[in-house]
Amino acid sequence: MELNIQDATKSLVPDSLIDVDVIKQIAGSLPADERKNYFYVKGAILTLIDNKKYTESKFDASINSCFVTAGGKTYSSNEKFQRDRVISILKVSLDNLISAH
């Protein structure tokens with residue numbers, strides 16, 4: 001399998017731009033036992049994952065295929081790359097954010 005993983009976009013909020021006073025004000029209106037269920041999203045990452053599967057075969061120049069060699073063996077594929085998009089978030093517990101400031 002050929003696998004390419006690329007972090008295409010990253011977006012992170014610097015600590016200096018987090019308005020902790022506003023977050024504390026909002027958190028103050030939440031029941032204390034509910035705050036454990038709330039998080040601040042500090043960043044997000046879009047990751048692109050491309051893959052293509054190969055099968056073991058003999059090289060044949062007359063076949064319109066993609067060939068690779070590995071470990072002394074030849075593999076071919078007629079597939080196009082498949083792409084998955086994955087979004088990951090960096091979250092901080094609301095309680096941890098408030099207590100750190």
For Ser77, does its backbone N or O pair with a side-chain atom of Ser65 as donor and acceptor, under 3.5 Å? yes
Write down the atom of [X], the atom of [Y], and the distance for their closest heavy-atom approach.
| X | Y | value |
| --- | --- | --- |
| Glu56 | Lys73 | OE2-CD, 3.5 Å |
| Leu94 | Ala27 | CD2-CB, 3.9 Å |
| Ser57 | Tyr75 | OG-C, 4.0 Å |
| Lys42 | Pro14 | NZ-C, 4.4 Å |

Members besides Val22 in its Ile/Leu/Val/Met/Phe/Trp/Tyr cluster (side-chain heavy atoms under 4.5 Å): Ile26
Beyond-backbone contact of [X] with [Y], side-chain heavy atoms, under 4.5 angstrom:
| X | Y | result |
| --- | --- | --- |
| Tyr54 | Glu2 | yes |
| Leu30 | Tyr38 | yes |
| Asn51 | Phe81 | no |

Report the residues that fulfil salt bridge (Lys or Arg N to Asp or Glu O under 4.0 Å) with Asp95, sequence neighbours left out, ordered by chain and then residue number. Arg35
For Phe67, what residues pass the ring-ring contact (aromatic ring centres under 6.0 Å, His included) criterion, not counting sequence neighbours? Phe59
Count the heavy atoms belonging to other residues, nucleotides or ligands that lie under 6.0 Å from CD of Gln25, then report whether that count exceeds 12. no
Near Ile87 CD1, under 6.0 Å, is it more than 12 heavy atoms from other residues, nucleotides or ligands? no
